[in-house]
Amino acid sequence: MRLTPEQEIVLATLAQSGDQEAQETFFKANQGLALYAVKKMPQWAVESALTRDDLIQEAYIALLYAIHTWRPEKRFATYARKVIVGRVR
């Protein structure tokens, strides 16, 4: 499911005010972004202390954090990717 920039703003505003359904919709629409960001990281290709499942879970936690802290001055994908990479490193 792709969201328009306007839909992102509406869902983020609702999610940040506590709307669980909006948070879930926004999260599901951006799960692919979290997976893409993690798969591009060097830890994905080598054996590390974290398993791939651990990396994905950390990426999802970072995605939830990004949903709750994003401000619409930038595109959500740009902001979320930076948050995910920063959290998983």
Side-chain angles (χ1 to χ4, degrees):
M1 166 186 198
R2 288 191 61 98
L3 301 174
T4 66
E6 293 80 20
Q7 289 172 317
E8 287 181 347
I9 293 169
V10 169
L11 287 172
T13 303
L14 291 171
Q16 291 170 1
S17 66
D19 185 328
Q20 292 295 317
E21 188 175 331
Q23 176 182 305
E24 187 175 321
T25 301
F26 202 17
F27 179 84
K28 285 181 179 179
N30 287 286
Q31 278 182 307
L33 169 69
L35 289 174
Y36 178 80
V38 168
K39 286 180 179 180
K40 291 293 182 181
M41 298 184 73
Q43 297 96 310
W44 188 262
V46 298
E47 292 293 323
S48 67
L50 296 175
T51 66
R52 288 184 175 183
D53 286 341
D54 292 334
L55 292 172
I56 292 168
Q57 286 186 2
E58 285 296 321
Y60 286 166
I61 291 168
L63 178 59
L64 285 172
Y65 177 80
I67 289 170
H68 287 280
T69 58
W70 176 61
R71 300 292 176 254
E73 295 89 38
K74 294 183 179 180
R75 289 186 54 222
F76 179 75
T78 303
Y79 176 72
R81 189 172 192 288
K82 289 180 182 180
V83 171
I84 292 164
V85 169
R87 170 97 184 196
V88 176
R89 274 199 179 146

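This structure is a prediction, so every number in the text was calculated from the model and none was measured.
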**Prompt:** So does Glu24 have more than 12 non-hydrogen atoms from other groups sitting under 6.0 Å from CD?
**Reply:** no
Side-chain donor-acceptor distances from residues 62-76 under 3.5 Å, at least two apart:
residue: His68; atom: NE2; partner: Gln23; partner atom: OE1; Å: 2.7
residue: Thr69; atom: OG1; partner: Tyr65; partner atom: O; Å: 2.9
residue: Thr69; atom: OG1; partner: Tyr79; partner atom: OH; Å: 2.6
residue: Trp70; atom: NE1; partner: Lys74; partner atom: O; Å: 3.0
residue: Arg71; atom: NH1; partner: Gln16; partner atom: OE1; Å: 3.3

**Request:** Begin with the C-alpha distance, continue with both residues' side-chain angles, and end with the deciding distance and a verdict on side-chain contact (heavy atoms from CB on, under 4.5 Å) for Asn30 and Tyr60.
**Result:** CA-CA 9 Å; Asn30 287 286; Tyr60 286 166; over 6 Å; no
On a heavy-atom basis, the closest approach of Ala59 and Val38 is CB-CG2, 3.2 Å
Looking only at heavy atoms, the pair that brings Ser17 and Leu14 closest together is OG-O, 2.8 Å
Here the gap from Arg52 atom CZ to Leu35 atom CG, rounded to the nearest 0.5 Å, amounts to 11.5 Å
Name every donor-acceptor pair, under 3.5 Å, that has one atom in a side chain of residues 81-89 and the other anywhere in the protein, sequence neighbours excluded.
residue: Arg87; atom: NE; partner: Glu58; partner atom: OE1; Å: 2.8
residue: Arg87; atom: NH2; partner: Glu58; partner atom: OE1; Å: 3.3

Those residues at least two apart in sequence (or on a different chain) that pass side-chain contact (heavy atoms from CB on, under 4.5 Å) with Gln7 are Leu3, Thr4
Residues Ala22 and Ala15: closest non-hydrogen pair is CB-N, 3.9 Å
CD of Glu6 to CG of Leu11, rounded to nearest 0.5 Å, is 11.5 Å
